[in-house]
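Order of the sequence lines sets the chain letters (A, B, ...), proteins ahead of strands, with each chain counted from 1. Heavy atoms only: backbone and side chains are in, while hydrogens, waters and symmetry mates are out. All values derive from a computational prediction rather than experimental measurement.
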Amino acid sequence: AQSVTQPDIHITVSEGASLELRCNYSYGATPYLFWYVQSPGQGLQLLLKYFSGDTLVQGIKGFEAEFKRSQSSFNLRKPSVHWSDAAEYFCAVGAQGSQGNLIFGKGTNLSVKP
Amino acid sequence: GAGVSQTPSNKVTEKGKYVELRCDPISGHTALYWYRQSLGQGPEFLIYFQGTGAADDSGLPNDRFFAVRPEGSVSTLKIQRTERGDSAVYLCASSLLGTSGRKTQYFGPGTRLLVL
């Protein structure tokens, strides 16, 4: 069965520091991968997505992610974190053999300290 | 343009009552999804509509849950005989028609349901 694992429940980084959020997936074929961000009381906003091609994808707000098939990973990175980046981050994979419903990880809560 | 909207934003009900949650997708999006997000968890798929029909309802937890989309636009998620375990945020998403899995889904702000 397909699954997504986000090993870190909570991460705290200092403003201006670099960030990496981990995501591992279990999937039998080429996955469609997504990162969403959710601020308190808000819906999910798409940061970036990977379908095929270049394994390093750029997203909004200065985020990027790299697809590594050998490690079944799709880690999210940002070189310099801003206080406004504090939020919940979800990695998701497009479900195989379905109409495209997403399977989400449990999320990583990011705190940013001044 | 307008995004996905959901009403109400919050709903408090008593155990055993019936509730309806509404989703208004982005204009022109033929695909519509419902997800449920429990506290501390990621969203979990409930049901998918392509047009007016439910193409995949495999995520509905039991027969107390039902959803409709009679005109292929607005959708209503209906929960009968609510239980405290139904308390969660119910998210709606819509997307354009596209190759399975490749469709980018745009999410609404959700309806926070609390069953007392």
*Only one of Phe107(B), Tyr106(B), Tyr35(B) clears ring-ring contact (aromatic ring centres under 6.0 Å, His included) with Tyr36(A); which?*
Phe107(B)
*Are Leu76(A) and Val57(A) joined in one hydrophobic group, where the rule is that I, L, V, M, F, W and Y side chains link up if heavy atoms are under 4.5 Å apart?*
yes
*Do the side chains of Ile79(B) and Leu32(B) join up, straight or via other hydrophobic residues, at under 4.5 Å, putting them in one cluster?*
yes
*State the OH-CG distance between Tyr33(B) and Leu102(A), to the nearest 0.5 angstrom.*
7.5 Å
*Verify the neighbour count for atom CD1 of Ile60(A): are there more than 12 heavy atoms of other residues, nucleotides or ligands below 6.0 Å?*
yes
*Are Phe74(A) and Val4(A) linked, directly or through other ILVMFWY residues, by side chains that come within less than 4.5 angstrom of each other?*
yes
*Might you point out which heavy atoms bring Thr104(B) and Lys49(A) nearest each other, and give the distance in Å?*
OG1-NZ, 2.7 Å
*For atom CZ of Phe66(B), decide whether the heavy atoms of other residues, nucleotides or ligands shown that lie under 6.0 angstrom number more than 12.*
no
*Tell me, side chain or backbone of Gln38(A) under 4.5 Å from chain B's heavy atoms, or both, or neither?*
side chain
*Where Phe90(A) and Gln37(B) come nearest, the two heavy atoms and their spacing*: CZ-NE2, 3.2 Å
_Is Gln6(B) close to chain A through its backbone or its side chain, or both, or neither, when contacts mean heavy atoms under 4.5 Å?_
neither
_Can you confirm whether Leu116(B) is buried at CG, in the sense that more than 12 heavy atoms of other residues, nucleotides or ligands lie under 6.0 Å from that atom?_
yes
*Check each atom of Leu46(A) against the heavy atoms of chain B and say whether the ones under 4.5 Å are side chain, backbone, both or neither.*
side chain
